[in-house]
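These notes are about the structure you will find just below.
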Amino acid sequence: MHLTSLGPKPSPIPIQIHLKTSQQTAFRKTPTGFNLANPLLLLSHQAASVMGGGQKRGRTQRRHFKQNRDNVWKHNPNKAPPAAHPSGGPTVENPTEENPTWQPFATQNPGFDEYYKEQRIVGQKEWDEFISTLRKPLPAAFRINASAQFSEDIRSQLEKEFAKSLEAEANNENGEKAIRPLPWYPGNLAWQLNFSRMQLRKNQALERFHEFLKQENEIGNITRQEAVSMVPPLFLNVLPEHHILDMCAAPGSKTFQLLEIIHGCTKPGQLPDGLVIANDVDVQRCNLLIHQTKRMSTANLIVTNHEAQHFPGISMGGDGQVEKSQLLFDRVLCDVPCSGDGTLRKAPDIWRKWNAGMGNGLHCLQVAIAMRGLALLKVGGRMVYSTCSMNPVENEAVVAEILRRCEGSVELLDVSNELAGLVRRPGLKTWKVRDRGSWFTTYKDVSVQRRSAIVQSMFPSGQSWKETVNEGAMNHLTEGSVNEEPRESDASAKLGEMEVSVLQLERCMRIVPHDQNSGAFFIAVLQKISPLPANHSINKQTKSKQRDGGRMSAKLEEESEIQKAESVLEINTDSKIIEQNTETISEKKDQEAVPLSDNNDSKIIEEKTETISEKKDQEAVPLSDNNDENGVQIGKTDNRKRKLQMQGKWRGVDPVVFFTDETIINSIITFYGVSANFPLAGHLVTRNDESTNVKRIYYVSRSVREILELNLQVGQRLKITSLGLKIFERQTVKDEAACAYRISSEGLQLIFPYLTKQILYAPFSDFEHLLKYRAVKFVDFVDSTLGQKASALLPGCCVVVLHQVGNNSTDLKADASTIAIVCWKGKSNLSIMVSPSDAKELLERLEIRLGKKDVTASVKVLEESVLLEDDSVVPPHDVEPVNTTENMEEEVTI
């Protein structure tokens with residue numbers, strides 16, 4: 001039965017209501033159907049059907065609906081204040097306060113104060129200063145992109161112009177300047193303001209500077225980032241040839257910083273030998289990461305979507321081969337998920353959410369991620385472990401567990417002499433663990449029932465006590481999150497009731513807010529000096545239990561053997577790959593291909609094991625976060641060798657395909673006159689496996705290409721969501737062009753030094769008109785020669801270069817001072833293929849660099865034209881939406 005609304009406008013969606021016996025009294029049946037006897041009941045059912053699928057409201061929901069409660073956190077200035085209580089006390093609607101106006105988040109939490117006073121993060125005399133700083137807004141900070149074309153101009157503008165104009169608005173309570181470079185960041189590239197983000201948005205006097213920050217951040221010339229968040233990448237000591245893994249990369253500010261460093265020493269048209277693989281577990285955060293790093297316009301980046309603790313290892317080798325291809329990294333940034341209480345100044349809502357259990361719950365995951373990072377690190381490489389938390393359970397306890405498990409193969413570096421000017425404090429050597437209101441100083445004090453949540457590695461010694469642990473206490477253990485066996489000479493000492501670690505944890509760094517008016521951060525720098533021990537991922541408590549309980553010995557021995565085999569794969573790099581013959585009970589019949597194991601950098605030991613469960617196989621040989629598609633599936637093979645997985649198995653992600661259409665590649669080379677010094681073959685990839693429907697072509701560096709080739713050989717173990725630099729894009733036009741692909745704005749800087757055709761040199765007046773009006777007819781150019789040359793070009797994409805006085809237009813020499821834009825040559829005009837924001841920023845940069853005073857008026861005209869821009873006249877700008885699915889986007893027509 002369908003009922004329509006009783007209002008004057010019929011409801012566009014019929015609402016179906018199934019009446020129960022108790023509800024039928026609300027309706028009266030007539031010859032023509034049902035008439036409404038109780039309108040409120042129908043409205044109630046309509047709302048419930050739309051909002052909750054016809055389910056009735058709960059008691060609390062009905063009461064709140066009846067009282068018409070508003071969101072107490074949202075300030076409504078139009079709402080009249082409630083009537084005052086007759087006695088002058090709180091009102092009925094707001095019983096807790098007399099003033100109904102909006103109040104900021106509470107910046108107090110008794111549990112927080114008690115916890116960190118007990119942990120002695122700061123001295124008792126400093127506590128008041130420490131906690132008062134935490135309750136103040138965080139000063140805004142940003143970083144200049146050193147590889148940007150106008151980096152020197154921006155730094156000069158900050159030093160000479162904004163430093164003076166902002167001084168009048170500065171809050172000089174602490175004697176700080178309105179804007180100042182961070183003394184510890186190299187090259188005066190990082191700056192901190194004496195204003196919070198809220199002040200920048202609300203203060204009218206700061207409006208111009210705020211617009212400057214937003215515009216330059218959007219272009220990619222600067223990155224707005226918390227000051228202490230810039231510290232971890234600097235301790236990696238990155239070089240341009242390094243392969244870098246950012247394990248938990250989103251939202252991408254640190255990844256962008258790493259890309260800046262490897263590109264810092266390269267010249268226009270050149271690419272560094274290194275690369276960055278930025279990984280994150282969340283697909284939506286990967287999109288944010290792509291959006292952030294896209295501003296860098298780099299061909300040396302791969303974005304992946306994996307659980308960090310299960311980041312897949314990639315290696316290849318064959319029977320009889322000694323040398324094998326293997327993906328290991330020179331540098332690993334391990335900025336793990338944490339409770340985030342170091343960000344209280346910029347995220348005050350954490351005050352009311354914070355509790356000690358947040359850090360306890362993340363400890364094992366942090367250890368697992370850090371150990372995976374060390375497994376992927378080259379010998380001699382450096383890894384930085386960092387959190388934005390002050391909790392020692394998330395910081396020193398994790399580092400101590402790493403050192404114990406690595407058994408001397410990893411060293412905690414002393415970097416106190418690096419980054420002079422950075423105020424830091426040494427790491428703690430003793431701390432307590434809090435659980436459900438109780439403090440624990442040693443693991444033996446933890447009750448058996450709570451040992452599923454509180455593990456040995458949380459304590460300074462990490463000692464495994466010889467007490468019997470029941471079955472339930474083992475549920476919390478994950479692969480690689482266990483501790484050493486108890487030893488008489490364990491590296492710990494006793495100071496009264498407190499454990500004190502004798503590991504060199506003072507080499508860790510803790511940044512506290514009141515030392516330099518910043519957020520809080522924890523950093524530890526680790527160096528891998530030898531291969532990890534073969535048993536670094538074996539569950540030691542399981543081994544202990546195996547000795548005590550003979551019932552599980554057989555199965556545990558099999559599991560231990562498989563785990564040892566996997567550990568051998570990680571470490572021995574000179575071994576041969578031998579066929580493995582195993583049998584299991586469970587096998588998916590539709591899976592016809594199985595990739596190599598997670599660490600195939602050495603031999604696979606030939607062994608025939610007894611039948612074990614599929615679950616234990618997956619636990620013994622952990623691979624990626626998607627074992628159904630990219631993990632090892634051990635099944636009845638009948639002595640068959642493992643098969644490599646076919647590509648295109650990642651759901652929701654477009655495949656990565658090398659672009660090999662020689663006809664299109666040759667047409668691009670011929671049309672633009674691309675020099676042979678710029679290799680295209682083997683460096684072009686697409687995200688579409690249909691060669692006839694390729695819209696975008698991406699350029700990848702040599703290092704990225706090698707990883708892609710290796711990834712394809714092992715069955716696409718890496719789940720790649722984005723990679724490379726968009727260099728060509730198909731352009732659909734009414735009249736057929738000589739080349740269907742135009743150069744993208746992002747790829748122009750890379751390919752421009754190698755172009756010999758489709759180039760125009762324009763004087764400043766005509767260059768300005770192009771940026772200002774976006775389309776100029778040939779006859780309207782100030783320089784008539786430019787109009788003639790433009791009309792003589794082949795129809796399609798071209799490059800217009802700003803001709804500077806003293807340069808010979810016949811010589812093509814690209815350097816940092818060269819300014820060029822992508823245009824489209826039509827029948828009678830020239831149109832720019834640059835976004836309005838890029839055009840506006842470029843005009844302002846020209847004013848500063850060339851000293852053209854009349855550019856300011858052009859910028860104002862451009863701002864007005866952007867607001868009134870007509871898509872039918874102006875070509876669509878060259879901006880690609882953040883989307884991993886390319887095939888759904890429509891083509892652009894001029």
Side-chain angles (χ1 to χ4, degrees), residues 73-75 77 101-109 112 128-144 154 157-159 161-185 188-218 221-231 251-254 256-257 292 340-354 388-390 422-423 511-521:
W73 297 101
K74 185 176 181 181
H75 174 52
T101 57
W102 179 86
Q103 296 294 331
F105 285 108
T107 56
Q108 293 182 354
N109 187 322
F112 178 89
D128 291 340
E129 183 183 4
F130 165 75
I131 201 69
S132 64
T133 304
L134 273 178
R135 291 168 179 163
K136 295 178 182 178
L138 181 70
F142 61 92
R143 187 185 67 255
I144 302 174
I154 294 174
Q157 187 177 7
L158 289 171
E159 295 173 346
E161 181 181 349
F162 287 115
K164 297 179 180 179
S165 62
L166 295 176
E167 197 64 38
E169 299 295 330
N171 180 12
N172 291 318
E173 294 180 0
N174 300 323
E176 296 181 357
K177 296 182 179 180
I179 182 172
R180 61 184 178 89
L182 294 173
W184 44 266
Y185 202 96
N188 283 355
L189 292 173
W191 293 69
Q192 180 168 300
L193 300 168
N194 197 19
F195 308 98
S196 66
R197 293 182 299 173
M198 181 65 71
Q199 288 174 315
L200 282 175
R201 290 194 295 264
K202 300 299 182 181
N203 193 332
Q204 294 295 329
L206 302 175
E207 181 179 3
R208 179 172 174 267
F209 183 70
H210 187 221
E211 291 298 323
F212 163 81
L213 290 180
K214 291 194 300 183
Q215 176 177 299
E216 299 300 333
N217 183 78
E218 180 182 357
N221 289 332
I222 70 169
T223 299
R224 303 175 70 178
Q225 183 183 0
E226 185 179 351
V228 291
S229 178
M230 306 177 193
V231 176
S253 56
K254 296 183 183 67
F256 197 99
Q257 188 176 355
Q292 278 271 35
D341 55 22
T343 64
L344 282 167
R345 299 185 68 181
K346 69 175 182 180
D349 58 311
I350 297 179
W351 281 104
R352 61 184 177 86
K353 301 176 183 178
W354 187 93
C388 53
S389 169
M390 297 178 285
L422 176 65
V423 182
I511 301 174
V512 293
H514 62 285
D515 280 344
Q516 46 198 353
N517 194 19
S518 65
F521 228 81

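As a basis for the values below, the full set of heavy atoms in this structure was taken, side chains included, without hydrogen atoms, waters or symmetry mates. All figures in this text were calculated on a predicted structure; none of them were measured in a lab.
Between Asn217 and Phe142 the shortest side-chain heavy-atom distance does not fall below 4.5 Å. The shortest side-chain heavy-atom distance between Phe209 and Ile179 falls under the 4.5 Å cut-off. For the pair Phe212 and Gln157, the minimum side-chain heavy-atom distance is below 4.5 Å. Taking the side chain as every heavy atom from C-beta outward, Leu182 and Gln516 never approach each other to under 4.5 Å. Looking only at side-chain heavy atoms (C-beta outward), Trp184 and Val423 stay at 4.5 Å or farther from each other. Counting heavy atoms from C-beta outward, Glu226 and Phe521 have side chains that stay 4.5 Å or more apart.
Heavy-atom minimum distance, Ser389 versus Gly340: CB-N, 4.2 Å. Shown here for Gln292 and Pro251, the closest heavy-atom pair between the two residues is CG-O, 3.1 Å. Contact between Arg143 and Phe256 at its shortest, heavy atoms only, is NH2-CD2, 3.7 Å.
Other residues, nucleotides and ligands contribute more than 12 heavy atoms inside 6.0 Å of the CZ atom of Arg180.
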Report task. Please assess Tyr185 against Gln192 for the test side-chain contact (heavy atoms from CB on, under 4.5 Å), listing each intermediate value before the final yes or no. Result -> CA-CA 11 Å; Tyr185 202 96; Gln192 180 168 300; over 6 Å; no
Requested in this report: Would you sort out whether Lys214 and Glu218 count as a side-chain contact (heavy atoms from CB on, under 4.5 Å), showing the intermediate values?
Outcome: CA-CA 6 Å; Lys214 291 194 300 183; Glu218 180 182 357; over 6 Å; no
Query - Full working for side-chain contact (heavy atoms from CB on, under 4.5 Å) between Leu206 and Phe195 - result: CA-CA 10 Å; Leu206 302 175; Phe195 308 98; 3.7 Å; yes
Requested in this report: Run the numbers on Trp354 and Asp341 for side-chain hydrogen bond (donor to acceptor under 3.5 Å, both in side chains), then give the verdict.
Outcome: CA-CA 8 Å; Trp354 187 93; Asp341 55 22; 3.1 Å; yes
Query raised in the report: Given Leu158 and Ile144, is the side-chain contact (heavy atoms from CB on, under 4.5 Å) satisfied, shown in steps?
Result: CA-CA 10 Å; Leu158 289 171; Ile144 302 174; 3.8 Å; yes
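To the nearest 0.5 angstrom, Glu211 atom CD is 9.5 Å from Leu213 atom CG. A distance of 12.0 Å separates OG1 in Thr133 from CG in Leu344, rounded to the nearest 0.5 Å. Separation of atoms CZ (Arg197) and CG (Leu138) is listed at 7.5 Å; rounding is to 0.5 Å. A distance of 10.0 Å separates NZ of Lys254 from CE of Met230, quoted to the nearest 0.5 Å. To the nearest 0.5 Å, atoms OG1 (Thr223) and CD (Gln257) are separated by 8.5 Å. Going from atom OG of Ser132 over to atom NE2 of His514 covers 8.5 Å, rounded to the nearest 0.5 Å.
In this structure a side-chain-to-backbone donor-acceptor pair under 3.5 Å is missing from Asn221 to Glu216. Using modelled atom types, one side-chain atom of Ser196 and one backbone atom of Gln199 make a donor-acceptor pair closer than 3.5 Å. In this structure, Arg345 contributes its side chain and Leu134 its backbone to no donor-acceptor pair below 3.5 Å. Between the side chain of Arg224 and the backbone N or O of Ala140, no donor-acceptor pair lies under 3.5 Å.
No option in Val228, Val512, Val231, Leu422 other than Val228 meets the side-chain contact (heavy atoms from CB on, under 4.5 Å) test with Ser518.
Salt bridge status for Arg208 with Glu161: present, with a side-chain N to carboxylate O gap under 4.0 Å.
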